[in-house]
Each structure stands twice: as C-alpha cells, then as structure tokens.
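Working notes, structure below.
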Amino acid sequence: MEARSREREARNYLEKHRIMELLSYLTSNLLFFQPDKPREYLVSLLERLRIAKITGVAFPFFMDHSNIEAMFEMMDSSNKGTMSFVQYKQALNMLGLCTADEVLKDDGHGITLDKFKQEVEDCSTVLWPEMFHPKADVAHCHMECN
C-alpha cells in the first residue's frame, strides 16, 4: 500500500511540474542537434530556460525554420509535400511538443510544410508558459483546436 502511495505521489509531482515534458524536450534537442558536449549543451539550454522564466521573456525556441523544414522532409520521404497525421504526431513527439499518449484529432488532411511550421511555432509558444506557470490558462495548440 505504501509503495503505491509513494508511486502516486511521485507521478503527481512529475505531472504537476511537467518534468516528463521537459525531459522529453531536452532529449529531443540532444538527439536533433547532437552537440559535441551534451552536458554543457543541456546546462546552456536550462540556463536559457531559467533566464526566460525570470525575465518573463518568451522562451527561446531552439529550432529555426531550416531545422523544422529538415524534419518535415524526413517525414515526407515520398516528396508529396505533405506528411500523414501519424508522422505529424511523431514529429511533435520527437520535438517534445506532445506526448506519445496525447490524443490529437485527425482532420483527414495531410499536413503541409507551412501548417507544420505554424503548429511547431504555436505549440512551442504554448508549451513553455504552461510548463513554468502550470496554472496559467493557455489555449492548447494542436490543430484540432484551431
């Protein structure tokens, strides 16, 4: 009984502080950029997050449009100019912008590069304020809400 209670407390703590989302984002950045000095890179990333939180400045998104385009091209291996909904969710998951078990609604249309860029930008803008201020009333970002 006590073990279950402690496990539930730990799970609640991780959810409350969105630790799993943060770790997912940090891991995604490491795998995407593959810096030569991963520990120093993580420290730098966390420091930038801390500064953004203290100053109230928007979270510095670490991927530019060329990185987002590269990810889209990897997902669009058949060069159709779109990615499937499954690929879209996979890409957001790899970027730490949604969880594997998060339910997203498929509108039945392929995801274009422009739509993907906009979603990544919208999600990153929403995710970080939520992470630092979990009680903030911030609209969810994924396309089913647009």
Side-chain angles (χ1 to χ4, degrees), residues 3-77 82-146:
R4 285 188 183 147
S5 175
R6 291 190 49 82
E7 182 179 323
R8 187 173 37 252
E9 278 181 39
R11 187 175 28 256
N12 289 342
Y13 178 84
L14 293 173
E15 287 174 8
K16 177 182 175 184
H17 296 284
R18 301 195 62 160
I19 301 300
M20 299 313 293
E21 288 91 338
L22 176 61
L23 292 175
S24 174
Y25 183 78
L26 294 172
T27 303
S28 296
N29 268 274
L30 275 177
L31 294 174
F32 191 84
F33 291 109
Q34 297 186 6
D36 291 334
K37 298 180 179 182
R39 287 184 180 92
E40 289 87 348
Y41 178 79
L42 287 173
V43 168
S44 169
L45 201 59
L46 289 168
E47 181 62 17
R48 290 168 72 183
L49 286 169
R50 187 183 71 77
I51 290 169
K53 180 179 180 182
I54 290 170
T55 63
V57 173
F59 173 76
F61 191 57
F62 297 100
M63 295 188 76
D64 62 19
H65 284 288
S66 66
N67 300 133
I68 296 168
E69 288 171 9
M71 176 166 276
F72 182 85
E73 288 170 5
M74 287 187 326
M75 295 296 184
D76 180 25
S77 57
T82 60
M83 70 168 80
S84 71
F85 184 77
V86 171
Q87 292 168 317
Y88 161 75
K89 184 173 179 187
Q90 220 174 11
L92 289 180
N93 189 322
M94 287 189 299
L95 293 170
L97 298 174
C98 85
T99 60
D101 60 345
E102 188 171 345
V103 177
L104 304 178
K105 295 179 185 168
D106 185 354
D107 66 1
H109 298 92
I111 310 300
T112 64
L113 175 59
D114 288 338
K115 190 169 191 172
F116 182 61
K117 281 183 187 177
Q118 189 61 52
E119 282 292 310
V120 169
E121 187 175 315
D122 291 350
C123 290
S124 62
T125 302
V126 169
L127 177 66
W128 296 107
E130 282 183 349
M131 192 169 295
F132 289 126
H133 307 287
K135 295 182 186 202
D137 184 20
V138 183
H140 200 68
C141 64
H142 302 296
M143 67 183 180
E144 76 278 6
C145 296
N146 293 336

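This one's a predicted model, so the numbers in the text were calculated from it and none came from an experiment. The basis for the numbers below is simple: all heavy atoms, side chains too, and nothing from hydrogens, waters or symmetry mates.
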Q) Does K115 reach the side chain of Y88, with side-chain heavy atoms less than 4.5 Å apart? A) no

**Q.** Side-chain heavy atoms of F116 within contact of M71, under 4.5 Å
**A.** yes

Q. When rounded to the nearest 0.5 angstrom, what distance separates CD in Q87 from CE in M74?
A. 11.0 Å

Q) With side chains defined as the heavy atoms from C-beta onward, is the minimum distance between I68 and F72 less than 4.5 Å? A) no

Q. From M83 CE over to S77 OG, what is the distance, rounded to the nearest 0.5 angstrom?
A. 10.5 Å

Q.
For the CZ atom of R18 and the CG atom of L23, what is their distance to the nearest 0.5 Å?
A. 12.5 Å

Q) Under the side chain to side chain donor-acceptor pair (under 3.5 Å) test, which residues partner Q118, sequence neighbours left out? A) D122

Q. What distance do L22 atom CG and L26 atom CG have between them, rounded to the nearest 0.5 Å?
A. 4.5 Å

Q.
Can you confirm whether I111 sits close enough to T82 that some side-chain heavy atom of one is under 4.5 Å from a side-chain heavy atom of the other?
A. no

Q: Measure the spacing between NE2 of H17 and CG of N12 and express it to the nearest 0.5 Å.
A: 10.5 Å

Q.
Run the side chain to side chain contact (heavy atoms under 4.5 Å, CB included) test against L14 and tell me which residues pass, sequence neighbours left out.
A. I19, M20

Q.
Holding to salt bridge (Lys or Arg N to Asp or Glu O under 4.0 Å), I want the full list of residues that pass it with E7, two or more places apart in sequence or in another chain.
A. R11

